[in-house]
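Structure first, commentary second.
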Amino acid sequence: MSAAPVALVTGSTSGIGAAVARRLRADGYAVVLHSRGSVDLGRAMVAELGRAAYVQADLAVDADRVRLVREAVAQWGRLDLLVNNAGISRVVPHGDLQAATPRIWQELHEVNVIAPFRLIAEAQGALEAAAGCVVNVSSHAGVRPKGASIPYAASKAALNHMTRLLALSLAPRIRVNAVAPGLVDTPLTADWTAAQQLWRERAPMRRAAQPEDVAQAVALLAASNYMTGEILLLDGGLNLT
């Protein structure tokens with residue numbers, strides 16, 4: 001069994017997840033990386049980080065969710081931190097109700113809500129043994145009436161409420177918190193010019209977040225041994241305006 005704490009970070013080969021994995025590794029964690037498809041990036045990050053492993057899994061498939069957690073625990077014989085970062089989005093105008101089809105609702109709910117719950121359920125025993133914690137990566141859209149689509153925002157609101165429910169039901173051995181970023185500069189948001197302008201003009205911090213800002217917030221929630229059930233809004237103060 002590893003003497004160092006172990007973290008599993010889903011969706012960790014790019015963007016926010018990669019920044020979280022690098023930050024946790026710098027903080028002394030052994031890190032299990034995950035992605036649905038970018039296997040080469042995962043292997044490259046293992047070589048970069050050193051004390052790391054990579055597991056490919058499709059979080060829309062329940063057997064893959066179970067396998068991911070079991071392989072993560074088997075890697076070093078423990079699990080101290082689960083970061084549910086992986087998620088999907090669909091862009092649908094909020095007023096176009098017909099475009100928000102049942103299939104879109106089902107796809108987003110499966111990956112953004114059911115998958116984190118199932119991963120936590122599978123990891124419960126290992127996290128209890130380590131007196132560990134969970135950090136869910138939610139969204140500003142789960143707190144305010146905004147976001148890429150109504151199904152996406154609703155899935156993140158569900159993740160936030162699930163965070164609070166699990167914080168109650170898994171205490172005191174497992175803490176459960178979430179970070180809810182606003183706009184984050186990633187390749188995915190590079191052409192979101194209207195959102196970029198909004199954050200530059202209206203957010204008190206006058207910029208969007210960097211992936212490293214989110215990673216810092218995840219590390220803060222992981223490091224606290226008392227905080228649980230919190231949704232940490234990370235939007236540069238935009239919510240104040």
Side-chain angles (χ1 to χ4, degrees), residues 10-11 14-17 35-38 57-65 83-121 134-167 176-204 207-209 211 214 217 229-241:
T10 65
S14 65
I16 293 171
S35 71
R36 183 178 63 177
S38 48
D58 184 347
L59 296 186
V61 177
D62 198 59
D64 272 22
R65 298 188 284 236
V83 181
N84 282 311
N85 168 71
I88 59 173
S89 180
R90 297 288 183 268
V91 178
V92 180
H94 286 206
D96 191 350
L97 303 191
Q98 295 301 319
T101 62
R103 181 175 179 178
I104 289 174
W105 278 93
Q106 290 159 1
E107 288 177 345
L108 294 178
H109 194 76
E110 187 71 44
V111 175
N112 295 351
V113 183
I114 296 175
F117 181 87
R118 291 287 293 135
L119 292 172
I120 295 167
V134 176
V135 179
N136 295 319
V137 178
S138 179
S139 170
H140 191 257
V143 178
R144 295 187 62 176
K146 60 184 293 296
S149 68
I150 289 177
Y152 172 77
S155 74
K156 291 300 186 177
L159 181 62
N160 288 343
H161 196 52
M162 185 174 76
T163 296
R164 298 184 183 100
L165 290 166
L166 289 173
V176 187
N177 292 290
V179 57
L183 182 66
V184 182
D185 280 332
T186 67
L188 178 67
T189 63
D191 60 351
W192 293 12
T193 53
Q196 296 282 359
Q197 183 176 356
L198 173 68
W199 253 266
R200 285 195 301 269
E201 293 179 355
R202 292 190 56 191
R207 66 173 179 87
V214 185
E230 291 299 320
I231 313 300
L232 181 60
L233 191 60
L234 189 73
D235 66 351
L238 185 68
N239 196 53
L240 302 173
T241 66

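Values below: all heavy atoms of this structure, side chains included; hydrogens, waters and symmetry mates excluded.
Screening Asn160, Asn177, Asn112, Thr163 against Asn136 for a side-chain hydrogen bond (donor to acceptor under 3.5 Å, both in side chains) leaves a single residue, Thr163.
For the atom pair CD1 of Ile114 and CG of Leu159, the computed distance is 12.0 Å after rounding to the nearest 0.5 Å. Rounded to the nearest 0.5 angstrom, Leu198 CG and Trp192 CH2 are separated by 12.5 Å. Taking CG of Asn239 as the reference point, atom CG of Leu234 lies at 12.0 Å (rounded to 0.5 Å). Atom CZ in Arg90 sits 9.5 Å away from atom OG1 in Thr101 (nearest 0.5 Å). Rounding to the nearest 0.5 Å gives a distance of 11.0 Å between CZ of Arg202 and CG of Leu240. Distance OG/Ser89 to CD1/Ile104: 10.0 Å, rounded to 0.5 Å.
Residue pairs meeting the salt bridge (Lys or Arg N to Asp or Glu O under 4.0 Å) criterion with at least one member in residues 139-163: none, sequence neighbours excluded.
The two atoms that bring Val111 and Pro116 nearest to each other are O-CD, 3.3 Å, heavy atoms only. Shortest non-hydrogen contact noted between Asn85 and Thr10 is N-OG1, 2.9 Å. The minimum heavy-atom distance linking His140 with Leu233 is given by the pair CD2-CD1, 3.6 Å. Across Val113 and Ala158, no two heavy atoms sit closer than the pair CG2-CB, 3.9 Å. Across Val92 and Ala99, no two heavy atoms sit closer than the pair CG1-CB, 3.7 Å. Considering all non-hydrogen atoms of both residues, Pro204 and Gly236 come closest at CD-O, 3.2 Å.
Asp235 contributes no side-chain N or O that, together with a main-chain N or O of Pro181, makes up a donor-acceptor pair within less than 3.5 Å. Checked by atom type and distance alone, the side chain of His109 never pairs as donor or acceptor with a backbone atom of Pro151 at under 3.5 Å. Under the 3.5 Å distance criterion, the side-chain polar atoms of Thr189 are matched with a main-chain donor or acceptor of Val184. Looking only at distances, no side-chain donor or acceptor of Arg36 sits under 3.5 Å from a matching main-chain atom of Asp58. Checking side-chain atoms of Ser149 against main-chain N and O of Tyr152 turns up a donor-acceptor pair under 3.5 Å.
Here the side chains of Ile88 and Glu110 are not in contact, with every heavy-atom distance at 4.5 Å or above. Under the 4.5 Å side-chain criterion, counting only non-hydrogen atoms from C-beta, Leu59 is not in contact with Arg118.
For His161, the NE2 atom sits in a loose shell: 12 or fewer heavy atoms of surrounding residues, nucleotides or ligands are nearer than 6.0 Å.
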